[in-house]
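Before any comments, here is the structure.
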Amino acid sequence: MTTVAERLAERLAARQVRRMFGVPGGDCNLDVIDAAARAGIEFVLARTETAAGIMAAVTAELTGAPGIVMTTRGPGVTNAANGIAYADLDRAPLMLIADAYEPELAPISHQRLDQAGVLRPMLRGAARLDERDPGGTIDALLDRALGDPPGPVYLEITGAVVRAEAPATRAPVPARPAPAAFEDAAVRQARQLLARARRPAIIAGLQACEPSAAAALRRLVAAWGCAVFTTYKAKGVASDRDPHTIGHYIGGASEAPALEQADLLLLYGFDPVEHPPGRWRYTAPVIELTRHAFDPHVLTPAVSLVGDLAAAAAALESAVEGTEWDMAHLVQLRAALRARAETADGPAIGPRGLVEAAMRAAPPHSRVTVDSGAHMLPVLHLWRTEAPRGLLMSRGLATMGFALPGAIASALAEPDTRTIAFTGDGGLMMCAGELGTAVQNRCNLAVVVFNDSSLTLIGAKQRRRQFPNAGVDFAPANFAAIAEGFGCPAYRVETRDQLAPALGAAFAAHGPALVDVVVDPQPYHEHIISVRG
Ligand SMILES: Cc1ncc(C[n+]2csc(CCOP(=O)(O)OP(=O)(O)O)c2C)c(N)n1
């Protein structure tokens, strides 16, 4: 006989799921862990459900298969909420599996919550598994997770059901649903606009990370010889080494002088969730290529092609009749944008010096994850990324506590790629227990801590608003000592001469290593203003 737990494992394996993440409870999670192992799916024990959710979502981003996180009822579900929010706002297909009470336990209120209700605003779908058609229920939910936009779904299970016999599943595994075909009239209108454009520019966003979309973008840039900007989440879809890649679209001041020169903007897989609070500042007409429509949107495009990005790009490739961009000018714009991130450090180790030292020490094609905070700006603007998903971050949710779980997911999915996690001290404190997960799984990753004993990004805003310093500084912490407590090799860096040897040793290590760098936060203030305006 096949149990429902075994059917669940079989349906996940059929979608290429190879790992699930979580913190189990003592009831049906255990049946699922056992059934999953027999279906070739490893259960990775995380230290918090939040981190497990991020690991699952990042696994989905890297592999294309849905990410799976499993928790116990009650506190397990509520503690996973930030990971579910990541999957929602950073658009990653994810399934949360959590246990609940059987109907005969209705009088029990201990650990009882409306679990689906708590999560509902973030979910693409939810279902409680029963014995009638578990395979069909699971397939339908996974289709929703993989829809447009991708996001989280919730599957509730109970012990009586997962241990029951499962009927045969008839439903075949559907492929990811094909996006809507865009309209001919929209293609004609877009081609007319492009035919008149002399200085078109492209802004590529998170949907462009999908491999066929990224390849089509590169063909478009080569055909048009135009300027291209990427959002943070799309860093690498156009290589940072290509002279056409001017820099990042952050909805800030730094890219404005370059973007204002464009007479037409093509949004390529850009999601409004990537736009910071603030208005759209450009008057040039906008052509939008997107897998799905947005409501609300930060702007009103002149025309939207809603469908497959690569197909839309192919339909527009020959529409530009000649551009006035010349290479020397593009190179100049690119240099000017980069110069804004090259603000000077003081005499102590500063954020720019740390990023540049890490760039010199990193093996080629390393993948980078970066947390939320002031330190993310020098990483995002100075690090050179050549491939889609070469840099991972939380942009839609912009959550702290991302970089280390994200790096663990990267190291597990691609053990031969060196992953480097850049994090602030505040962000690391939210997930430091995951150093134990990295050690236990021998993850090939290095954590670099910008340790300035402060929530510096918030402190900078406090200072700008002329409030006195309060509520943002930490008592100093030694993260090298903490890492060593988990059995993770670690290096404490307090002086410039210690930096390069420590980074070199950490990046060459097999398995995890941590470099705890005491940085001077003063340079951030000028850096933030220079980059964001
Ligand atoms: C979970 C979460 N809590 C709070 C915030 C708000 N926030 C954004 S950046 C930041 C400070 C980050 O401090 P740290 O990790 O030390 O990095 P630094 O700014 O010092 O580089 C805070 C509190 C957030 N983005 N996510």
Side-chain angles (χ1 to χ4, degrees), residues 48-54 57 78-90 122 232-233 250 252 273-274 276-277 341 343 345 348-355 358 368-383 392-407 421-435 447-465 467 469-479 482 514-532:
T48 69
E49 291 84 352
T50 296
I54 291 172
T78 47
N79 213 22
N82 208 40
I84 308 306
Y86 174 86
D88 178 15
L89 292 182
D90 281 281
M122 300 186 274
Y232 286 152
K233 193 100 181 167
I250 62 170
V273 81
E274 303 180 88
T343 51
D345 288 342
I349 301 172
R352 176 180 168 193
L354 173 49
V355 174
V368 162
T369 66
V370 63
D371 221 78
S372 280
H375 65 280
M376 76 183 184
L377 296 174
V379 176
L380 287 160
H381 289 267
L382 296 174
W383 197 268
L392 306 175
M393 73 175 307
S394 171
R395 180 59 173 161
L397 183 63
T399 184
M400 293 163 70
F402 168 83
L404 174 55
F422 290 108
T423 178
D425 46 348
L428 183 58
M429 279 190 268
M430 292 188 178
C431 60
E434 304 306 331
L435 288 167
V447 180
V448 177
V449 192
F450 290 67
N451 189 352
D452 54 14
S453 303
S454 183
L455 299 169
T456 304
L457 189 60
I458 308 304
K461 291 179 185 179
Q462 190 174 51
R463 185 160 136 177
R464 245 174 128 166
R465 293 178 62 195
F467 284 122
N469 170 278
V472 292
D473 291 340
F474 296 119
N478 183 329
F479 293 96
I482 292 166
L514 179 141
V515 188
D516 181 20
V517 186
V518 177
V519 292
D520 170 16
Q522 283 311 315
Y524 280 125
H525 297 276
E526 189 197 333
H527 191 87
I528 294 167
I529 292 167
S530 179
V531 169
R532 287 186 166 174

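Order of appearance sets the numbers: ligands from 1, and atoms from 1 within every ligand. When a residue number appears, it is its place in the shown sequence, counting from 1.
Side-chain atoms of Thr423 never come within 3.5 Å of backbone atoms of Asp371 as a donor-acceptor pair (strictly under, hydrogens ignored). Between the side chain of Asp425 and the backbone N or O of Asn451 there is no donor-acceptor pair closer than 3.5 Å. Counting only distance, with no hydrogens or angles, the side chain of Thr48 and the backbone of Ala51 share a donor-acceptor pair below 3.5 Å.
Closest to atom 1 (C) of ligand 1 among all protein heavy atoms lies Thr399 OG1, 3.5 Å. The protein heavy-atom contact nearest to atom 13 (O) of ligand 1 is Leu455 CD2, 3.4 Å. Distance from atom 15 (O) of ligand 1 to its nearest protein heavy atom, with residue and atom name: Gly427 N, 2.8 Å. Nearest to atom 22 (C) of ligand 1 among the protein's heavy atoms is Met400 SD, 3.3 Å.
Below 3.5 Å of separation, one finds an N or O of Ala374 facing an N or O of ligand 1. Between Leu457 and ligand 1, at least one pair of N/O atoms sits closer than 3.5 Å. Here's the thing with Asp425: one of its N/O atoms is less than 3.5 angstrom from an N/O atom of ligand 1.
Counting heavy atoms closer than 4.0 Å to ligand 1, residue Ile458 contributes side-chain atoms (C-beta onward) but none from N, CA, C or O. Counting heavy atoms closer than 4.0 Å to ligand 1, residue Asp371 contributes nothing at all. By the criterion of a heavy-atom distance under 4.0 Å, the backbone of Ala398, and not its side chain, is placed next to ligand 1.
Within the 4.0 Å heavy-atom shell around ligand 1 one does not find Gly401.
Looking only at atom types and distance, the side chain of Arg463 has a donor-acceptor partner in the side chain of His525 under 3.5 Å away.
Ion pair Asp90/Arg395 not flagged as a salt bridge, since none of the NZ, NE, NH1 or NH2 atoms sits closer than 4.0 Å to an Asp/Glu carboxylate oxygen.
In the vicinity of Asp452, heavy-atom distances shorter than 4.0 Å reach the ligand 1 atoms 20 (O). Each of the atoms 14 (P), 15 (O), 16 (O) of ligand 1 lies under 4.0 Å from some heavy atom of Gly426. Contact atoms of ligand 1 toward His375: 17 (O), 18 (P), 21 (O) (distance under 4.0 Å to a heavy atom of the residue).
Atom CE of residue Met393 and atom OG of residue Ser372 lie 5.5 Å apart, to the nearest 0.5 angstrom.
Closest non-hydrogen pair, Ala421 versus Ala403, comes out as CB-O, 3.7 Å. Heavy atoms only, all atoms of each residue included: His381 and Ala341 are closest at CB-CB, 3.5 Å.
Thr343 pairs with exactly one of His527, Glu526, Arg352 by the side chain to side chain donor-acceptor pair (under 3.5 Å) rule, that one being His527.
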